[in-house]
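Below is one structure, written out as structure tokens; comments come after it.
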Amino acid sequence: MKTLNILWQRLVTPDGETCERCGGTQGAIVRAIPQLQEALRPLGFEPVLEMREIALDAFKGMPSESNRIWIAGRSIEDWLEASVGQSRCCSACGGERCRTLEIGTETFEAIPEQLIVKAALLAASRQVDGKP
């Protein structure tokens, strides 16, 4: 079976905390994986999730890298033809302007399950067609 690699990274403080938007995305991505396993199995794909932590010091230099998802080596915003924005976040982030995902007139602080599934299905369909 071929793998469909999904990488998600987010801030984790020295106390093991993360922000609400990253926590929301984590719940969504955990719920999305079983759906993707079922949907992709007939196509010969297995989703493989890697969760990467960003330390607080690294985060302070690049807060837009937190709550970021790549699927099959491409960013979720690329798959969804979305834009990246920013908005003020919570205490775990120290009030930084953290990553948002913008699609049309909608802005998502936490990335919803259905957008993760959609992007992964788009990525798998491209690979079935032999495209990167």
Side-chain angles (χ1 to χ4, degrees):
M1 202 168 272
K2 300 174 193 170
T3 60
L4 182 68
N5 294 312
I6 301 171
L7 169 63
W8 173 59
Q9 66 183 32
R10 83 282 187 210
L11 163 71
V12 178
T13 68
D15 297 331
E17 295 178 9
T18 194
C19 69
E20 289 179 16
R21 69 180 68 182
C22 287
T25 298
Q26 182 173 4
I29 208 164
V30 166
R31 290 187 304 275
I33 293 298
Q35 292 178 50
L36 290 170
Q37 288 170 329
E38 187 176 323
L40 296 175
R41 188 175 300 115
L43 300 173
F45 285 93
E46 176 69 23
V48 175
L49 175 62
E50 176 187 350
M51 291 194 240
R52 192 177 291 166
E53 295 181 1
I54 298 175
L56 186 57
D57 289 343
F59 167 80
K60 287 181 180 181
M62 52 184 176
S64 66
E65 290 300 305
S66 185
N67 204 25
R68 192 158 186 206
I69 298 175
W70 289 270
I71 300 172
R74 290 174 57 189
S75 67
I76 192 168
E77 57 268 16
D78 192 20
W79 289 115
L80 299 174
E81 298 179 358
S83 300
V84 174
Q86 297 177 335
S87 67
R88 184 98 29 227
C89 204
C90 66
S91 60
C93 296
E96 292 286 339
R97 295 184 56 79
C98 293
R99 168 183 285 271
T100 61
L101 189 66
E102 300 174 355
I103 300 176
T105 60
E106 287 190 85
T107 298
F108 302 93
E109 290 182 344
I111 301 171
E113 178 181 342
Q114 68 269 22
L115 293 182
I116 297 165
V117 169
K118 180 179 180 179
L121 293 175
L122 288 168
S125 71
R126 294 275 301 195
Q127 289 186 12
V128 166
D129 291 340
K131 299 175 183 173

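No hydrogens, no waters, no symmetry mates; every other heavy atom, side chains included, goes into these values.
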Among Ile69, Leu36, Ile33, find the residue that satisfies the side chain to side chain contact (heavy atoms under 4.5 Å, CB included) test when tested with Leu49. Ile33
Non-hydrogen atoms of Asn67 and Glu109 that approach each other most closely: ND2-O, 3.1 Å
From Ser87 OG over to Arg97 CZ, what is the distance, rounded to the nearest 0.5 angstrom? 7.0 Å
Would you compute the distance between atom CG of Leu80 and atom CD1 of Ile71 and round it to the nearest 0.5 angstrom? 7.5 Å
Taking all atoms of both residues into account, what is the closest heavy-atom pair of Leu122 and Trp79, and its distance? CD1-O, 3.4 Å
Yes or no on side chain to side chain contact (heavy atoms under 4.5 Å, CB included) for Arg10 and Glu53, after CA distance, side-chain angles and deciding distance? CA-CA 5 Å; Arg10 83 282 187 210; Glu53 295 181 1; 3.6 Å; yes
Of all heavy-atom pairs between Ser75 and Arg68, which one has the smallest distance, and what is that distance? CB-NH2, 4.3 Å
All heavy atoms of Gln86 vs all of Thr100, minimum pair found to be N-OG1, 3.3 Å
Quick check: closest heavy atoms across Leu4 and Ala120, and the distance to 0.1 Å? CD2-O, 3.6 Å
Any non-hydrogen side-chain atom of Leu11 less than 4.5 Å from a side-chain atom of Cys19? no
Drop me the distance from Gln114's CD to Arg31's CZ, to the nearest 0.5 angstrom. 9.5 Å
Measure the shortest side-chain to side-chain distance between Ser66 and Cys98 over non-hydrogen atoms and say whether it is less than 4.5 angstrom. no
Kindly give the heavy-atom pair with the smallest separation between Gly95 and Arg88, and that separation in Å. O-NH1, 2.5 Å
